[in-house]
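As structure tokens, the structure follows; a few thoughts come after it.
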Number of protein chains: 2
Amino acid sequence: MKLTEARQQFISSWGAFGTHWGINRTMAQIHALLLISSDPLTQDDVMEELNISRGNTNMNIRELINWGLVERVLLQGHRKEYFAAEKDIWKVVKQIVRERKKRELEPMLQLLDKLEEVEGDKRDKNVKSFLTTVSNIKKLGNQADKTLDTMINAEENWFLNTLLKIIK
Amino acid sequence: MKLTEARQQFISSWGAFGTHWGINRTMAQIHALLLISSDPLTQDDVMEELNISRGNTNMNIRELINWGLVERVLLQGHRKEYFAAEKDIWKVVKQIVRERKKRELEPMLQLLDKLEEVEGDKRDKNVKSFLTTVSNIKKLGNQADKTLDTMINAEENWFLNTLLKIIK
DNA sequence: TCGAAAGTTCAATAATATTTGAAAACAAGG
DNA sequence: CCTTGTTTTCAAATATTATTGAACTTTCGA
């Protein structure tokens, strides 16, 4: 397989992958492109490589910056802005976890706290069922929250170390 | 807060949550409804509670069954089919992990294997950058794959135990 | 075996999300 | 402080995805 084709496959499947995780295709594709590019790219480079409009490119690069996955790079002697992705995949994963935790898990846990205060006779089976479910989700959510914190502060091989500790 | 309102909030935010994870709103809502219901429900119950059409209900319940999150239940003395969600949240999480691993992580790893066979001069910085990225993602992906296997076979408090082992 | 009730399918439609492109804002160099 | 190249914005257009509902199939009881 030629490099060009391989790059295209990577970009396209990274994009498809993204859509299964609530990330829009283009954002994932730009990320993929920057990940495999040896040097920082300009907006125009991205537009041309992916055949997308200027506005789309701009918005999605900005979003990637918000997520902490891409950085603006200033190359001296150039007027245009350049962009580069964080290349350390472990850092990338940690950053994504950090953001999704903040954006999704934590608000969910807050909501569950509120929902636990439902009024009503706790002998009513509907109330009971509701409360049990909410409380169980909360328990697991809190556990996940703590574990992810540990992960965020951990070394890359945390996963594997964990595995080994459990096995032996 | 009244039970009715609490239930609605739970269902609606579970649905919104789902959309951020590549799961369609209705499927997540039906799942939520079945999670908090004390008894199995029929299609008609679901239609009425969520105000959705018969076709939609049918398709999404089937999808939940495919994911292994919901089961058909036959209540004797009733002609209609009833549906119930797995209530053990830990089992639910494991099941989701199992499915997503199979549907997404494993195909991705297969693709990466193929992409590593790219032709070209390995001193070319574009080739080098591509190969480095692919290989790093593969490495982490394989690690994740193994760790998730461990998790799938683990007890509910695996998370917390892991945490404690690391801390001390 | 038939008829009614329940379940399923899928083309048409609606809702949602993404993309475009042109206009506006901004920034750097002269 | 003006010109030009660059970046940003956002309403409208497009593409994608989800939903409906009526026709069709299956199942069950009599």
Side-chain angles (χ1 to χ4, degrees), chain A residues 11-34 40-67 70-84 103-104, chain B residues 11-34 39-67 69-84 103-104:
Chain A
I11 289 169
S12 124
S13 69
W14 202 250
F17 199 70
T19 60
H20 288 134
W21 290 89
I23 287 153
N24 98 2
R25 194 187 315 280
T26 304
M27 183 170 151
Q29 287 187 349
I30 295 176
H31 189 216
L33 173 61
L34 291 173
L41 303 182
T42 63
Q43 277 199 183
D44 291 84
D45 295 334
V46 174
M47 285 169 63
E48 197 180 339
E49 287 257 19
L50 303 180
N51 282 296
I52 56 179
S53 72
R54 182 172 301 286
N56 197 7
T57 306
N58 187 277
M59 281 161 72
N60 283 109
I61 289 179
R62 189 143 34 82
E63 196 59 12
L64 283 165
I65 293 174
N66 283 342
W67 275 77
V70 164
E71 269 195 348
R72 255 173 246 274
V73 177
L74 295 169
L75 294 191
Q76 62 175 171
H78 292 266
R79 172 129 175 224
K80 285 187 177 179
E81 289 177 334
Y82 284 74
F83 300 94
R103 293 170 191 217
E104 292 153 30
Chain B
I11 290 169
S12 124
S13 68
W14 203 251
F17 198 69
T19 59
H20 288 134
W21 290 90
I23 287 154
N24 99 3
R25 194 189 316 279
T26 303
M27 182 171 151
Q29 286 187 351
I30 295 176
H31 189 215
L33 173 61
L34 291 173
D39 301 302
L41 303 182
T42 63
Q43 277 199 181
D44 291 84
D45 294 334
V46 174
M47 283 170 63
E48 196 180 341
E49 287 257 18
L50 303 180
N51 281 296
I52 56 180
S53 72
R54 182 173 303 285
N56 197 8
T57 306
N58 187 279
M59 282 160 71
N60 283 109
I61 289 181
R62 189 143 33 81
E63 195 58 13
L64 284 165
I65 293 174
N66 282 342
W67 276 78
L69 300 173
V70 165
E71 269 194 349
R72 255 174 246 274
V73 177
L74 294 168
L75 294 190
Q76 62 175 170
H78 292 265
R79 170 128 177 228
K80 285 188 177 180
E81 290 178 334
Y82 284 75
F83 300 95
R103 293 170 191 218
E104 292 153 31

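As the structure is a prediction and not an experimental result, all values here were calculated from the model. Just so we're on the same page: letters track the sequence lines, and every chain starts at 1. The analysis underlying the following values was restricted to heavy atoms, covering all of them including side chains, and did not include hydrogens, waters or symmetry mates.
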Name every residue in residues 12-23 of chain B that has at least one heavy atom under 4.0 Å from any atom of DNA chain C, in order of residue number, or write none if there are no such residues.
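Output list: empty, so none.
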Quick one: list whatever passes side-chain contact (heavy atoms from CB on, under 4.5 Å) with [X], sequence neighbours left out.
X	result
A/Phe17	A/Trp21, B/Glu104, B/Met108
A/Asp45	A/Leu41, A/Thr42
B/Ala84	B/Pro40, B/Val73
B/Arg54	B/Gln43, B/Asp44, B/Met47

Just jot down the salt bridge (charged side-chain N to carboxylate O under 4.0 Å, His left out) partners of [X], sequence neighbours excluded, or say none.
X	answer
A/Arg79	none
B/Glu81	B/Arg72
B/Glu63	none

Nucleotide N/O of nucleotides 21-30 of chain C paired with protein N/O under 3.5 Å:
from, atom 1, to, atom 2, distance (Å)
C/dA27, N3, A/Arg79, NH2, 3.4

Give the nucleotide from the list C/dA6, C/dT8, C/dT20 with an atom nearest to the side chain of B/Lys80.
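The nucleotide sitting nearest to the side chain is C/dA6.
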Quick check for you: to the nearest 0.5 Å, what is the distance between A/Leu50 atom CG and A/Ile11 atom CD1?
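Separation between the atoms: 5.5 Å.
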Base-paired stems in DNA chain C, each at least three Watson-Crick or G-U pairs under 3.5 Å
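So far as stems of 3 or more pairs are concerned, DNA chain C shows C:1-30 with D:1-30.
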For A/Asn58, answer base if it contacts any base atom (sugar-phosphate contacts may also be present), sugar-phosphate if it contacts only those atoms, and nothing otherwise; contact means non-hydrogen atoms under 4.0 Å.
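Touches a base.
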Need one value for A/Thr26: base, sugar-phosphate or nothing, where a base atom within 4.0 Å counts as base even if backbone is also close, heavy atoms only.
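A/Thr26: backbone/sugar contact only, no base atoms under 4.0 Å.
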Round to a whole Å and report the spacing from CZ of B/Arg62 to C1' of C/dT9.
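Roughly 8 Å, once rounded to whole Å.
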Name all residues meeting the ring-ring contact (aromatic ring centres under 6.0 Å, His included) criterion together with B/His20; count only those two or more places apart in sequence or in a different chain, and write none if there are none.
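Testing B/His20 for ring-ring contact (aromatic ring centres under 6.0 Å, His included), a comparison that skips the adjacent residues, returns none.
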Earliest and latest nucleotide of DNA chain D, 5' to 3', sitting under 4.0 Å from a non-hydrogen atom of chain A?
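Nucleotide range in contact with chain A: D/dG5 to D/dT17.
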